[in-house]
Amino acid sequence: MTLAPSLTQKPLQDTHGRTIKYLRISVTDRCDLRCRYCMSEQMTFLPRAKLLSLEEIAIIAERFIARGVTKIRLSGGEPLVRRDVAELVQRLGHNIGSGLEELTMTTNGTRLAQHAEAMVDAGIRRVNVSMDSRDPERFRYITRHGDVAQVIGGIYAARDAGLAIKINMVALKGFNEDEIAPMLAWCRDEGFDLSLIETMPLGAIDEDRTDRFLPLTKVFDELGQQFTLARDAHKTGGPARYWNVDGTRTRLGLISPLTANFCEGCNRVRLTTEGKLYMCLGHDDQVDLKAALREGGTAGLDEAIDAGLFAKPKAHDFRIGQGEGPAVARHMSVTGG
Ligand code: SAM
Ligand code: SF4
């Protein structure tokens, strides 16, 4: 498909004065793990016929780049289970330096060892790897069948290939509270960053998230007694705040959408593997970019993107508590965490 000359190069601005510079793409809703806070054991995934092709993902991504997006993160589901993901990474990588400043990925790490070198060759410099526990039994429990040795092997392979690593860890009451400080010490010693995440009410799972909710305000106070944490001005336009750890280059990030909402600085939108553009993780407002592209080409795409941005909500309204259901029916794996 060739692109028609662009009809609009308008920067991506929403009605709350925020400029969109960051696109997250869920390249598949499928996953080889079943983390308990993310998915239920029996998930129904999208039929392959409904998915965007690699070419369509690239066209949409490149349209966002032409309109001012400088950062793209590939996520999922598990991005590395998509068969043509290496090709996609390579294709998107060609945009680095021509508008795109950074291409990154969030992965569960199970297949990172096989992909790390190709990712570096394509221009990826950093990855986020999710690992909620380094204990084999606990890891198997939370993922329902995962092997943590495989993930740790993937992390070291990625580091050896030249990728900077950030570990994502969802803080879960009664599960990994006692592992947070050791995880931070490990990250500091290995030269990795660590982001702690509050469990968010997205999609139905097989348990009540209230039982596992751990406010990061409490976690942070406890970490402050064991580590020297200095506020770091680093900003991604996301819901995270950052601290430097013990005077090293290791950065601790807190993603705390429940206890501290930073929606006013939000600079991102999210594309699903089905071609829907979601303006907010916690709202159902979306536009269908797959239909727009197939029916209207680039002009249709621009029109749909503008309509979406016009409707970008001011903030999410996550609540976790007895009697509160999920904020939206979509799982994080659909919108791309
Ligand atoms: N499969 C990849 C992975 O696990 O890194 C990428 C997709 S996953 C949905 C992205 C991130 O979202 C992971 O760090 C995961 O722990 C987090 N996540 C998933 N469901 C969540 C939820 N309900 N609340 C908070 N974080 C969640
Ligand atoms: Fe899969 Fe990532 Fe969800 Fe875990 S958090 S089930 S690895 S998509």
Side-chain angles (χ1 to χ4, degrees), residues 24-43 45-46 73-82 85 104-112 115 126-133 138-148 150-151 154-155 158 165-173 175-176 183 192-216 238-240 253-259 268 270-273 278 281-282 316 318-320 324-337:
R24 287 202 176 187
I25 307 177
S26 174
V27 301
T28 174
D29 62 334
R30 289 164 197 258
C31 189
D32 53 349
L33 300 180
R34 290 286 182 282
C35 302
R36 290 171 186 268
Y37 53 81
C38 176
M39 294 189 181
S40 65
E41 190 153 20
Q42 304 300 331
M43 290 288 288
F45 296 111
L46 289 164
R73 177 177 296 280
L74 303 180
S75 184
E78 173 46 39
L80 295 179
V81 305
R82 181 165 167 143
V85 69
T104 58
M105 184 181 284
T106 301
T107 169
N108 65 24
T110 59
R111 300 177 186 207
L112 196 48
H115 285 271
R126 302 190 299 135
V127 281
N128 288 13
V129 186
S130 304
M131 186 171 59
D132 304 317
S133 172
R138 284 190 187 180
F139 188 82
R140 187 173 301 283
Y141 170 81
I142 200 70
T143 58
R144 290 199 176 94
H145 59 257
D147 174 6
V148 77
Q150 202 180 6
V151 175
I155 291 170
I165 309 285
K166 182 193 281 182
I167 304 296
N168 278 3
M169 178 183 193
V170 178
L172 297 163
K173 189 163 81 184
F175 172 69
N176 61 5
M183 185 74 92
F192 305 151
D193 290 339
L194 174 67
S195 275
L196 298 174
I197 306 174
E198 283 177 347
T199 179
M200 299 174 221
L202 302 171
I205 53 170
D206 301 330
E207 48 193 66
D208 185 347
R209 287 193 175 91
T210 315
D211 301 336
R212 291 275 184 221
F213 177 64
L214 183 58
L216 289 182
L254 298 190
I255 302 179
S256 45
L258 278 297
T259 54
R268 63 194 59 188
R270 295 174 155 90
L271 178 69
T272 72
T273 188
Y278 281 94
L281 201 52
H316 65 70
F318 289 153
R319 274 175 258 181
I320 282 196
E324 301 277 1
V328 291
R330 286 185 329 274
H331 294 87
M332 181 84 108
S333 50
V334 172
T335 336

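Order of listing sets the numbers, starting from 1, for every ligand and every atom in it.
Proximity of a side-chain donor or acceptor of Arg34 to a complementary backbone N or O of Thr143 within less than 3.5 Å is not detected. With hydrogens and angles ignored, the 3.5 Å screen pairs no side-chain donor or acceptor of Arg36 with any backbone N or O of Ile205. The closest donor-acceptor contact from the side chain of Arg138 to the backbone of Ser133 lies at 3.5 Å or more, if one exists at all. Counting only distance, with no hydrogens or angles, the side chain of Glu41 and the backbone of Asp206 share no donor-acceptor pair below 3.5 Å. Checked by atom type and distance alone, the side chain of Asn176 pairs as donor or acceptor with a backbone atom of Asp132 at under 3.5 Å. Distance alone, capped at 3.5 Å, places no donor-acceptor pair between the Arg111 side chain and the Asn108 backbone. Checked by atom type and distance alone, the side chain of Arg30 pairs as donor or acceptor with a backbone atom of Leu46 at under 3.5 Å. Under a 3.5 Å cut-off, the side chain of Asp29 and the backbone N or O of Thr273 do not form any donor-acceptor pair.
For a threshold of 3.5 Å applied to N or O pairs, the pair formed by Cys38 and ligand 1 contains no separation below that value. At a 3.5 angstrom cut-off on N or O pairs, Asn168 counts as close to ligand 1. In terms of polar-atom proximity, Asn128 is not counted as a contact of ligand 1, lacking any N or O under 3.5 Å from an N or O of the ligand. Considering backbone and side-chain atoms together, Ile197 places no N or O closer than 3.5 Å to any N or O of ligand 1. In terms of N/O distances under 3.5 Å, ligand 1 is not approached by Thr106. Backbone and side-chain nitrogen or oxygen atoms of Asp132 are examined, and none is located within less than 3.5 angstrom of a nitrogen or oxygen of ligand 1.
Among the backbone and side-chain atoms of Cys35, no N/O/S atom is found under 2.8 Å from atom 1 (Fe) of ligand 2. The distance from atom 3 (Fe) of ligand 2 to the nearest N/O/S atom of Cys31 is not under 2.8 Å.
For the pair Val127 and Ile165, the minimum side-chain heavy-atom distance is below 4.5 Å. Contact check for Val81 versus Cys31: no side-chain heavy atoms found under the 4.5 Å cut-off.
Shown in contact with Thr107 at under 4.0 Å from a heavy atom are these atoms of ligand 1, numbered in order with element: 2 (C), 3 (C), 5 (O). If you number the atoms of ligand 1 from 1 as listed, the ones under 4.0 Å from a heavy atom of Thr199 come out as 24 (N), 25 (C). Near Ser75, the atoms of ligand 1 lying under 4.0 angstrom from a non-hydrogen atom of the residue are 6 (C), 7 (C). For ligand 1, the atoms lying closer than 4.0 Å to a non-hydrogen atom of Val170 are 16 (O), 26 (N).
The closest heavy-atom contact to atom 8 (S) of ligand 1, among the options Ala171, Cys35, Gly76, comes from Gly76. Nearest-heavy-atom check against atom 7 (C) of ligand 1 across Pro201, Ser26, Gly77 picks out Gly77.
Side-chain contact of Glu78 with Thr107: a donor-acceptor pair under 3.5 Å is present, judged by distance alone.
Counting only heavy atoms of the protein, atom 3 (Fe) of ligand 2 lies nearest to Cys38 SG, 2.4 Å.
Assignment of Glu198 to the shell around ligand 1 is supported, since a heavy atom sits closer than 4.0 Å. Heavy atoms of Gly109 stay at 4.0 angstrom or farther from ligand 1. Taking 4.0 Å as the cut-off, Gly77 counts as a neighbour of ligand 2 on heavy-atom distance.
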Before giving the answer on salt bridge (charged side-chain N to carboxylate O under 4.0 Å, His left out), spell out for Asp193 and Arg126 the whole-Å C-alpha distance, their side-chain angles and the decisive distance to 0.1 Å. CA-CA 11 Å; Asp193 290 339; Arg126 302 190 299 135; 5.4 Å; no

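Under 4.0 Å from ligand 1, not a single heavy atom of Leu33 appears.
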